[in-house]
Enquirer: 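Below you will find the structure I want to go over with you.
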Amino acid sequence: MFELIELIEKSSGTVHAEFRRWFRAIPAAVAWNLLSDYSIGDNTKQNDAFSFVVLLNHDTFQNIASYIAAVAPKDIKASRTPPEGLLDYLSCPVAFSMNFVVERQSAYLRNLVTVDAMGGLTKALRGILREWTAAEPPNAAYYDTLDRRLGLLETELAHKKPPLKLLRQIFLVASFAAVVLGMINSAKSPLAIRWISDRDAMFERHDGVAFDLAWLFFQMERRKRGGVIDLRRPQIAFGAPGMDGITEYAEFVRLPDFLAGTLADLKLPQMMFTHRKFPPVFNRLFLNSQNGAVIELLSGADRVTSRRITFGKSKPNAADAEPQRSPDLPDGANVTFSKNSGEV
């Protein structure tokens with residue numbers, strides 16, 4: 001998975017610069033929210049989409065939730081038209097989105113995320129945890145808990161018929177989250193990050209091992225870069241709807257829900273949608289976006305490619321006209337694939 005993370009990092013160099021520029025007025029050492037939702041496994045959609053919204057902790061938990069509930073009482077599946085208040089909020093200087101689109105034909109990049117690769121990595125991570133336990137006695141109890149859950153994962157991967165589809169999703173979402181956590185940490189040196197995810201089978205497996213993997217990937221990436229590392233920060237917490245029996249987080253999950261739903265429906269490179277509720281979200285949040293990025297992962301017979309996609313306007317060219325373009329997209333909308341793409 002570290003090969004995949006490095007691949008994504010190679011294709012998202014400009015995203016880091018844009019993230020820093022978007023939040024340049026925000027000081028270091030503050031708290032952030034990372035909100036995620038996914039549209040995956042739907043055969044009626046064009047893509048599998050994993051969306052992460054980085055939200056500054058700019059107000060109280062209750063005030064933020066109340067505002068979202070007021071302007072967007074429903075998720076995108078239940079909405080006929082996207083609420084303007086939600087689009088306004090996702091466009092304002094407290095939010096930035098990082099989105100990952102995986103082509104449906106890739107079957108979760110099965111050529112890269114194999115049983116052997118997942119099993120070997122899980123075993124190696126358990127070895128690293130043992131080293132950290134010996135080197136950091138105060139953290140031994142926490143590392144022992146992580147090792148127990150990784151042990152359950154390792155055992156499941158050793159079965160004759162493990163649930164590969166679900167397990168690939170777990171490793172993918174952990175890799176994507178690690179990239180975004182690293183971007184926040186590198187740019188803003190936060191005190192704390194609260195990751196809130198929609199409730200999903202990925203996070204129910206082995207008592208949330210997907211979060212453990214993301215945390216480990218993040219920690220290993222930052223240690224690999226060297227330098228002085230304060231292990232006390234950022235403090236990373238995780239929450240999912242109903243996880244504590246009280247908090248539902250429905251309003252927070254609604255932010256990435258609209259992004260993931262739109263990108264899952266987007267047909268590339270034709271720029272088409274199946275419903276008129278998606279183009280307004282695309283036009284407002286992805287077209288010429290200054291606070292949102294889309295990374296596409298494609299899987300061929302012998303390699304995996306990662307590339308950033310940007311959407312902008314250009315003058316119509318009769319030779320390149322696409323007669324099937326969605327009528328709700330602005331004239332001249334086009335897609336550009338980053339030159340910083342990479343492959344393994």
Side-chain angles (χ1 to χ4, degrees), residues 15 18-19 21-23 25-26 32-39 42 45-47 49-101 180 196-198 241 248-268 271-294 309-314 325-335:
V15 182
E18 291 169 13
F19 183 88
R21 183 166 58 249
W22 185 254
F23 289 122
I26 308 301
W32 298 80
N33 296 296
L34 179 59
L35 319 172
S36 60
D37 194 21
Y38 328 100
S39 180
D42 187 342
K45 298 298 182 180
Q46 297 294 323
N47 315 292
F50 302 73
S51 291
F52 295 81
V53 173
V54 180
L55 183 70
L56 176 67
N57 200 44
H58 62 90
D59 206 332
T60 66
F61 181 90
Q62 293 77 11
N63 284 347
I64 295 174
S66 296
Y67 173 79
I68 299 172
V71 300
K74 301 177 182 178
D75 62 17
I76 195 168
K77 186 178 293 185
S79 302
R80 295 184 62 85
T81 57
E84 286 296 325
L86 187 74
L87 302 185
D88 289 341
Y89 190 47
L90 284 167
S91 302
C92 72
V94 297
F96 190 99
S97 74
M98 186 75 163
N99 306 272
F100 302 89
V101 173
V180 184
I196 300 172
S197 170
D198 192 13
E248 289 301 323
Y249 296 115
E251 297 84 6
F252 288 84
V253 171
R254 211 159 289 152
L255 298 179
D257 168 75
F258 275 77
L259 301 176
T262 299
L263 290 174
D265 196 75
L266 174 61
K267 185 176 183 179
L268 292 169
M271 306 282 284
M272 295 171 61
F273 293 98
T274 63
H275 194 283
R276 288 184 176 273
K277 65 184 172 184
F278 296 116
V281 180
F282 174 84
N283 294 341
R284 184 72 183 278
L285 301 178
F286 294 111
L287 189 65
N288 295 321
S289 174
Q290 298 182 53
N291 70 325
V294 180
I309 307 176
T310 56
F311 305 95
K313 294 182 180 180
S314 64
R325 187 183 303 277
S326 170
D328 294 302
L329 290 175
D331 292 339
N334 65 79
V335 58

Enquirer: Restricting to non-hydrogen atoms, name the atom on Ser39 and the atom on Ala264 that form the minimum distance, rounded to 0.1 Å.
Expert: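 Distance-wise, the nearest heavy atoms are OG-CB, 3.3 Å.
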Enquirer: For Phe286, check ring-ring contact (aromatic ring centres under 6.0 Å, His included) against everything at least two apart and list the hits.
Expert: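 Counting only residues at least two positions away or on another chain, Phe286 forms no ring-ring contact (aromatic ring centres under 6.0 Å, His included).
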Enquirer: Can you find a pair of side-chain heavy atoms, one from Leu35 and one from Phe52, that are under 4.5 Å apart?
Expert: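 No, every pair of side-chain atoms sits at 4.5 Å or beyond.
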Enquirer: Would you list the atom pairs, donor with acceptor, under 3.5 Å between side chains in residues 250-263 and any protein atom, with sequence neighbours excluded?
Expert:
residue, atom, partner, partner atom, Å
Arg254, NH1, Ala72, O, 2.6
Asp257, OD2, Ile76, N, 2.7
Thr262, OG1, Phe258, O, 2.8

Enquirer: Does any non-hydrogen side-chain atom of Ile309 lie less than 4.5 Å from one of Val101?
Expert: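 The answer is no, as the side chains (C-beta and beyond) never meet within the 4.5 Å cut-off.
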Enquirer: Does Thr274 have any side chain to side chain contact (heavy atoms under 4.5 Å, CB included) partners at least two apart in sequence or in another chain, and if so, which?
Expert: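 Counting only residues at least two positions away or on another chain, Thr274 forms a side chain to side chain contact (heavy atoms under 4.5 Å, CB included) with Asp265, Phe278.
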Enquirer: State which residues pass side-chain hydrogen bond (donor to acceptor under 3.5 Å, both in side chains) with Thr60; sequence neighbours excluded, sorted by chain then number.
Expert: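 Residues passing side-chain hydrogen bond (donor to acceptor under 3.5 Å, both in side chains) with Thr60: Asn63.
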Enquirer: The criterion is side-chain hydrogen bond (donor to acceptor under 3.5 Å, both in side chains); which residues satisfy it with Asp37, sequence neighbours excluded?
Expert: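 For Asp37, no residue satisfies side-chain hydrogen bond (donor to acceptor under 3.5 Å, both in side chains) once neighbours in sequence are set aside.
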Enquirer: Just how far is it from atom CG of Asp42 to atom CG of Asn47, taken to the nearest 0.5 Å?
Expert: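 So the gap between those two atoms works out to 11.0 Å.
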Enquirer: Assess the residue pair Trp32 and Leu55 against the criterion (side-chain contact (heavy atoms from CB on, under 4.5 Å)); give the C-alpha distance rounded to whole Å, side-chain angles, the decisive distance to 0.1 Å, and a yes or no.
Expert: CA-CA 6 Å; Trp32 298 80; Leu55 183 70; over 6 Å; no
Enquirer: Using the side-chain contact (heavy atoms from CB on, under 4.5 Å) rule, take Val180 and Phe100 through it: C-alpha gap first, then chi angles, then the decisive distance, then the call.
Expert: CA-CA 11 Å; Val180 184; Phe100 302 89; 4.1 Å; yes
Enquirer: With side chains defined as the heavy atoms from C-beta onward, is the minimum distance between Tyr67 and Asp59 less than 4.5 Å?
Expert: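 No, every pair of side-chain atoms sits at 4.5 Å or beyond.
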Enquirer: Which side-chain N or O atoms in residues 85-98 pair as donor and acceptor under 3.5 Å with protein atoms at least two apart or in another chain?
Expert:
residue, atom, partner, partner atom, Å
Asp88, OD1, Arg284, NH1, 3.1
Asp88, OD1, Arg284, NH2, 2.5
Tyr89, OH, His58, NE2, 2.6
Ser91, OG, Leu87, O, 2.8
Ser97, OG, Asn99, ND2, 3.1

Enquirer: List the residues meeting ring-ring contact (aromatic ring centres under 6.0 Å, His included) with Tyr249, not counting sequence neighbours, and say none if there are none.
Expert: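 With sequence neighbours excluded, Tyr249 shows a ring-ring contact (aromatic ring centres under 6.0 Å, His included) to Phe61, given in chain and number order.
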Enquirer: Excluding sequence neighbours, so at least two apart, what forms side chain to side chain contact (heavy atoms under 4.5 Å, CB included) with Ala25?
Expert: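 Checked Ala25 against side chain to side chain contact (heavy atoms under 4.5 Å, CB included); zero matches.
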Enquirer: Would you check if Trp22 and Val54 make a side-chain contact, meaning some heavy-atom pair closer than 4.5 Å?
Expert: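 With C-beta onward as the side chain, the pair stays apart.
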Enquirer: Kindly state each residue pair satisfying salt bridge (charged side-chain N to carboxylate O under 4.0 Å, His left out) with at least one member in residues 68-82, sequence neighbours excluded.
Expert: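 Matches after skipping sequence neighbours: none remain.
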Enquirer: Could you tell me which residues satisfy salt bridge (Lys or Arg N to Asp or Glu O under 4.0 Å) with Glu248, sequence neighbours excluded, listed by chain and number?
Expert: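 None.
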Enquirer: Supply the atom-to-atom distance Asp198 CG to Ser36 OG, rounded to the nearest 0.5 angstrom.
Expert: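 One gets 8.0 Å once the value is rounded to the nearest 0.5 Å.
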Enquirer: Rounded to the nearest 0.5 Å, what's the gap from CD1 on Ile26 to CG on Asn57? Could you check?
Expert: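 Between Ile26 CD1 and Asn57 CG, I get 11.5 Å after rounding to 0.5 Å.
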Enquirer: Which residues satisfy the side-chain hydrogen bond (donor to acceptor under 3.5 Å, both in side chains) test with Asn291, sequence neighbours excluded?
Expert: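 With sequence neighbours excluded, Asn291 shows a side-chain hydrogen bond (donor to acceptor under 3.5 Å, both in side chains) to no residue whatsoever.
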